[in-house]
2 protein chains.
Amino acid sequence: MSTRGASPTIVDVAREAGVSIKTVSRVLNHEPGVHQSTRDQVLKVVEALRYRPKQSARSLAGGRSFLIGLLYYDPSAIFVGSVQQGATLRCRELGYHLVVESLHNDAPDLRQQIDRMVLALRPDGMILTPPLCDNPEVLAALRESGTPCVLMSPERDIRGVPSVRMDDVHAAEEITNLLLSLGHRRIAIIKGPPDQSASAARYQGFVNALRAHDIEPDPELVQPGAFTFASGRDAAHKLLSGRRRPTAVFASNDDMALGVLAAAHRLGLSVPGELSVVGFDDSPTAALVWPPLTTVRQPVAEMARAAVEMLVAVQRPDMAAPTAAAGLHQVLPHELVVRDSTRAR
Amino acid sequence: MSTRGASPTIVDVAREAGVSIKTVSRVLNHEPGVHQSTRDQVLKVVEALRYRPKQSARSLAGGRSFLIGLLYYDPSAIFVGSVQQGATLRCRELGYHLVVESLHNDAPDLRQQIDRMVLALRPDGMILTPPLCDNPEVLAALRESGTPCVLMSPERDIRGVPSVRMDDVHAAEEITNLLLSLGHRRIAIIKGPPDQSASAARYQGFVNALRAHDIEPDPELVQPGAFTFASGRDAAHKLLSGRRRPTAVFASNDDMALGVLAAAHRLGLSVPGELSVVGFDDSPTAALVWPPLTTVRQPVAEMARAAVEMLVAVQRPDMAAPTAAAGLHQVLPHELVVRDSTRAR
DNA sequence: CTGAAAGCGCTTACAG
DNA sequence: CTGAAAGCGCTTACAG
């Protein structure tokens with residue numbers, strides 16, 4: 001065997017296969033114009049030698065790093081965890097690797113941190129999660145460096161910058177329709193913070209559904225919230241201690257729905273017996289509380305997979321077609337998750 | 001300016017600074033033996049040109065990738081999120097980057113997946129989280145490749161393989177002591193699954209604390225569990241529907257403690273009025289449930305920082321001393337988090 | 001304290 | 001369909 005102490009290089013493979021290193025390179029990069037028998041022979045040697053091209057050499061010579069960056073801010077967010085899961089699996093399938101970087105959204109040296117990553121690593125693409133994907137400074141730094149980006153659920157789409165998202169309006173409409181179909185008419189909503197576009201979208205869906213049933217939203221049943229447990233609990237307390245209680249509450253996210261559950265417990269209201277509650281996100285906790293929460297599952301991992309594909313397609317002409325068909329701004333289907341926090345009245 | 005269209009290279013810096021590229025390299029790598037004025041001059045030019053050495057070139061020439069790998073299995077686990085947060089921040093401070101890979105612990109091609117990552121990327125070190133850090137196949141693959149590893153909270157330490165952990169026994173002892181100090185004497189425990197060493201360690205700490213107070217653990221008050229919400233709920237149901245109820249329950253992790261809370265609610269038992277409950281882990285949900293959970297915070301981010309440091313120290317002689325002092329198997333201090341689920345009886 | 005040469009392991013034009 | 005040469009941007013011995 002020609003395997004010496006060190007790991008084999010392309011030269012070893014070429015020698016063993018009786019071809020030039022250029023041909024080995026062609027085979028490994030799926031380039032056309034190699035005779036099938038030559039290709040097979042090379043692959044056989046590659047397998048036998050357990051040869052893997054070294055990323056640093058490929059990157060230096062070819063200008064492609066096979067690295068995708070994931071920039072995120074909130075580490076505890078389940079959203080990021082799912083993004084990462086989807087992204088890392090798709091990267092593996094496509095021969096890429098995922099480099100993660102936690103950035104504080106208002107760090108004074110944000111620009112330098114990004115520059116450092118981009119200039120040192122030269123990732124072939126970057127996935128941005130909220131709120132970083134809406135940060136003009138981040139976007140500018142990446143644009144100037146020429147790094148392709150995909151925005152995950154940005155506040156609003158940017159011309160020419162690919163994005164992946166779900167349809168918050170329709171999802172909110174659907175979950176409201178579920179409550180309506182269960183016979184609920186006095187349905188309250190706890191909104192998200194005004195500075196997040198998802199808040200408005202979900203509220204819009206809620207209103208759309210009501211109006212389609214000729215119900216005008218009752219201002220008394222619309223409470224502000226902040227996407228936090230405490231804000232949901234406090235809003236619910238107001239809603240539920242009034243004279244004419246709602247029979248159902250739509251919390252604009254799961255954390256607030258958990259707050260609603262806590263408030264209901266405290267007031268001695270049984271859920272779903274006396275009150276139906278729905279959330280949004282399908283957080284891990286949503287299935288663990290009592291009663292398990294009816295909610296909307298965001299297709300986060302799928303969105304991340306799509307993001308990776310869009311980034312990889314930039315460098316692989318053979319993959320460009322399907323992605324182009326999917327469009328620059330992709331919207332992925334969500335899923336209604338019906339559990340035990342909802343019941344017919 | 002000599003900044004052309006492309007980003008500057010070491011040659012540009014050397015020319016601008018009037019030195020050889022070797023000297024620039026020395027300065028950038030903090031090598032000794034460069035006159036201070038020369039060093040300053042080089043750094044000035046580096047700054048002006050916004051020069052960052054390209055990782056792929058450094059890696060190819062120097063054999064160091066400045067990449068640390070993080071191998072994990074469960075993406076939803078808060079543990080992994082915190083590990084990653086700590087690791088990515090420390091990496092940044094040390095000029096490294098974190099590459100993450102999600103591996104299924106019993107994937108048939110686990111070996112290949114690891115080989116692919118190791119041979120392609122040549123990470124300078126690898127951080128392994130449970131249960132991967134206890135997987136002999138993973139360990140063997142990494143050992144053979146010569147990749148330095150640090151195990152995060154492994155089941156048991158391995159001679160010669162660095163690890164970082166917390167002291168489960170003492171932490172369990174402390175939280176049990178808290179209950180004892182509140183006057184509780186009939187304290188139940190819901191154990192973790194027998195195949196995880198943390199289960200035994202936490203139980204041991206529990207027993208130690210009781211015995212120190214001359215209390216022999218009552219077999220009736222010891223329930224098996226599986227670290228899941230459902231197992232905690234079911235165990236609590238048994239414990240709480242008996243004739244002689246415990247006044248406090250120590251759930252061996254937070255998920256099970258949430259199950260205890262649910263069971264207590266269902267049985268109409270007020271927490272902490274009629275029952276004190278403690279968990280372990282300080283999961284994000286622990287602070288969000290009602291009542292907020294008294295628990296133990298694992299120093300996970302700090303453990304990850306330490307892991308990165310140990311890995312980097314391997315290549316940097318100047319950093320080796322402090323780490324050597326800290327030892328191959330580090331134990332980091334935990335923290336008791338007292339919230340509202342505990343009260344004097 | 002500083003530098004000229006060689007080389008890391010690939011890919012990119014360019015030939016044939 | 002296949003290959004020989006050059007070069008990517010650094011670091012590593014080796015000199016002086």
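On a predicted model such as this, the values are computed, not experimentally measured, just so you know. Just so it is clear: chains get the letters A, B, ... in the order the sequence lines come, proteins before strands, and each one is counted from 1.
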In Å, rounded to the nearest 0.5 Å, how long is the span from [atom1] of [X] to [atom2] of [Y]?
X	Y	atom1	atom2	result
A:R143	A:L139	CZ	CG	6.5 Å
A:L103	B:R92	CG	CZ	5.5 Å
A:L132	A:L71	CG	CG	6.0 Å
B:L67	B:C91	CG	SG	8.5 Å

Produce the list of close N/O pairs, under 3.5 Å, pairing protein atoms with atoms of nucleotides 3-5 of chain C; give distances to one decimal.
{"unit_1": "C:dG3", "atom_1": "OP2", "unit_2": "B:S20", "atom_2": "N", "d": "3.0"}
{"unit_1": "C:dG3", "atom_1": "OP2", "unit_2": "B:S20", "atom_2": "OG", "d": "3.1"}
{"unit_1": "C:dG3", "atom_1": "OP2", "unit_2": "B:T23", "atom_2": "OG1", "d": "2.7"}
{"unit_1": "C:dG3", "atom_1": "N7", "unit_2": "B:R26", "atom_2": "NH1", "d": "3.4"}
{"unit_1": "C:dG3", "atom_1": "O6", "unit_2": "B:R26", "atom_2": "NH2", "d": "2.7"}

Whole-Å distance between [N] [atom2] and [X] [atom1]?
X	N	atom1	atom2	result
B:N29	D:dG9	CG	P	17 Å
B:K54	C:dG9	NZ	C1'	15 Å
A:E31	C:dC10	CD	P	15 Å
B:L60	D:dG7	CG	P	17 Å
A:Q41	D:dT2	CD	C1'	15 Å
A:L121	D:dC10	CG	C1'	15 Å
A:Y51	C:dG9	OH	P	10 Å
B:Q55	C:dC8	CD	P	19 Å

Legend entry - Residue pair B:R90, B:E93: steps toward the salt bridge (Lys or Arg N to Asp or Glu O under 4.0 Å) verdict: CA-CA 5 Å; B:R90 195 68 183 116; B:E93 292 165 3; 2.5 Å; yes
Legend entry - Toward the 5' end of DNA chain C, by each residue's nearest nucleotide, A:S56 or B:V34: B:V34
Inset, instruction - Would you kindly compare B:R39 and B:A61 by the position of their nearest DNA chain C nucleotide and give the one closer to the 5′ end? - result: B:R39
Inset, instruction - Verify, without hydrogens or angle tests, whether B:D124 (side chain) and B:F66 (backbone) share a donor-acceptor contact under 3.5 angstrom. - result: yes
Legend entry - Flag for A:S7-B:R122: side-chain donor and acceptor within less than 3.5 Å: yes
Inset, instruction - Indicate yes or no: at least one non-hydrogen side-chain atom of A:I10 is less than 4.5 angstrom from one of A:Y51. - result: yes
Legend entry - Pairing string, 5' to 3', for DNA chain D - Watson-Crick or wobble contacts under 3.5 Å, brackets [ ] where pairs cross, | to another strand: |||.||||||||.|||
Inset, instruction - May I ask you to say what B:T38 touches in the nucleic acid, namely base, sugar-phosphate or nothing, with a heavy-atom cut-off under 4.0 Å? - result: sugar-phosphate
Legend entry - B:T88 to A:Y72 - nearest heavy-atom pair and separation: CG2-OH, 3.8 Å
